[in-house]
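Just so it is clear, the model here is predicted, and its values are computed rather than measured. If you read the sequence from its start, that first residue is 1, and numbering goes on from there.
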Amino acid sequence: MGEAINGVRDPYYQEVLLDVAIQTKNLKWWFVSAALAALGAIVVSLKSGRLGLLLAGGVGALTLHGLVVPAVIQSLRGPIREVAAIIRALPEDQRARVVTWRLTVPSLSFESMRVVRAGTPDEESLVALHAKDLTALRNETACKRGSVVVDQVGIALVDCSAK
């Protein structure tokens, strides 16, 4: 998995893949079982033709859908849900200050139960962004000394009003 992670250039997706690797680390025996079942199905295909290949494909698809896809979805959506939970817990006047910067995630609005607009942050903003853009946020916007409220799997929430 390390080579796959290094082959991805975007730091956000590197963090997502690393999180997926951590989540699936304890599932190795499920992967071994699925591989053995697929191997058995291929052996059956040598004797019965297409049936074994169909079984091997089915085992592979079920393994991918049952083990890998949920881990990837959790790694992608989990940080958004955490940031949204923080936004929902804010008083109404602070929720109005939340903007996204260099981050396109409609699910943040859905999960936080309010429209979170993209915008250029000012000194009073709460900013949701890719963690890889924290330095650029401080260099290119009015949010010079903001503090990171949360940073999980590449998604950060920064309070620009914090001193």
Student: Main chain of A136, side chain of D133: is a donor-acceptor contact present, judged purely on distance under 3.5 Å?
Tutor: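 Checked: no pair found.
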Student: Tell me whether R138 contacts the main-chain N or O of G146 through its side chain, where contact means a donor paired with an acceptor under 3.5 Å.
Tutor: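 Yes; at least one donor-acceptor contact below 3.5 Å.
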Student: Does R145 come within less than 4.0 Å of E123, counting only side-chain N to carboxylate O?
Tutor: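 The answer is no: the pair does not qualify as a salt bridge.
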Student: Mind checking the CD-CD1 spacing from Q94 to I87? Nearest 0.5 Å is all I need.
Tutor: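 It comes to 11.5 Å.
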Student: Of all the heavy-atom pairs spanning V127 and W101, show the shortest one and how long it is.
Tutor: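 Shortest heavy-atom contact: CG1-CB, 3.6 Å.
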Student: At their closest point, which heavy atom of Q152 faces which heavy atom of G78, and how far apart are they?
Tutor: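 Looking at all heavy atoms of both residues, the closest pair is OE1-O, 4.4 Å.
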Student: Once you round to the nearest 0.5 Å, how far does CD1 of I86 lie from CG of D159?
Tutor: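 Going from CD1 on I86 over to CG on D159, the span is 11.0 Å.
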Student: List the steps and the verdict of side chain to side chain contact (heavy atoms under 4.5 Å, CB included) for I155 and V105.
Tutor: CA-CA 11 Å; I155 302 294; V105 283; 5.6 Å; no
Student: Same cluster or not: are L129 and L90 linked, directly or through other Ile, Leu, Val, Met, Phe, Trp or Tyr residues, by side-chain heavy atoms under 4.5 angstrom apart?
Tutor: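 As far as the 4.5 Å side-chain criterion goes, L90 and L129 are not connected within one cluster.
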Student: To the nearest 0.5 Å, what is the distance between CD1 (I80) and CG (L103)?
Tutor: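 Taking CD1 in I80 and CG in L103, the distance rounds to 5.5 Å.
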Student: Where do P121 and C160 come nearest, in terms of heavy atoms and distance?
Tutor: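 Of all heavy-atom pairs spanning P121 and C160, the closest is CB-SG, 4.3 Å.
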Student: So which atom in S112 and which in R88 form the shortest heavy-atom distance, rounded to 0.1 Å?
Tutor: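 Taking S112 first and R88 second, the nearest heavy atoms are O-CG, 3.3 Å.
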Student: Does V158 belong to the same Ile/Leu/Val/Met/Phe/Trp/Tyr cluster as V83, with side-chain heavy atoms less than 4.5 Å apart forming each link?
Tutor: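 V158 does not cluster with V83.
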Student: Does V116 reach the side chain of V99, with side-chain heavy atoms less than 4.5 Å apart?
Tutor: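 A side-chain contact is absent here, since even the closest heavy-atom pair is not under 4.5 Å.
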Student: Could you state the interatomic distance from CD (E124) to CG (D93), rounded to the nearest 0.5 Å?
Tutor: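 Atom-to-atom, E124:CD and D93:CG are 10.5 Å apart.
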Student: Assess whether a salt bridge exists between R97 and E92, defined as any Lys/Arg side-chain N lying under 4.0 Å from an Asp/Glu carboxylate O.
Tutor: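 Between E92 and R97 there is no salt bridge, as every charged N stays at least 4.0 Å from the carboxylate O atoms.
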Student: Out of curiosity, K144 NZ to N139 CG, how far, rounded to the nearest 0.5 Å?
Tutor: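 The CG atom of N139 is 6.5 Å from NZ of K144, to the nearest 0.5 Å.
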Student: Can you name the closest pair of heavy atoms from Q74 and P79 and give their distance?
Tutor: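 So the minimum-distance heavy-atom pair works out to O-CD, 4.1 Å.
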Student: Counting distance only, does the side-chain N/O of R114 pair as donor-acceptor with the main-chain N or O of R95 below 3.5 Å?
Tutor: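 Checking the backbone N and O of R95 against the side chain of R114, a donor-acceptor pair under 3.5 Å is found.
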Student: Verify, without hydrogens or angle tests, whether T141 (side chain) and C143 (backbone) share a donor-acceptor contact under 3.5 angstrom.
Tutor: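 Yes; at least one donor-acceptor contact below 3.5 Å.
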Student: How many angstroms lie between CG in L134 and CG in D151, if you round to the nearest 0.5 Å?
Tutor: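 Between atom CG of L134 and atom CG of D151 there are 6.5 Å.
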Student: Do the side chains of L137 and V149 join up, straight or via other hydrophobic residues, at under 4.5 Å, putting them in one cluster?
Tutor: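 No, because L137 and V149 fall into different hydrophobic clusters, even though each may have its own neighbours under 4.5 Å.
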Student: A side-chain contact here means heavy atoms from C-beta on lying under 4.5 Å apart; do R102 and H130 qualify?
Tutor: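 No - every pair of side-chain heavy atoms lies 4.5 Å or more apart.
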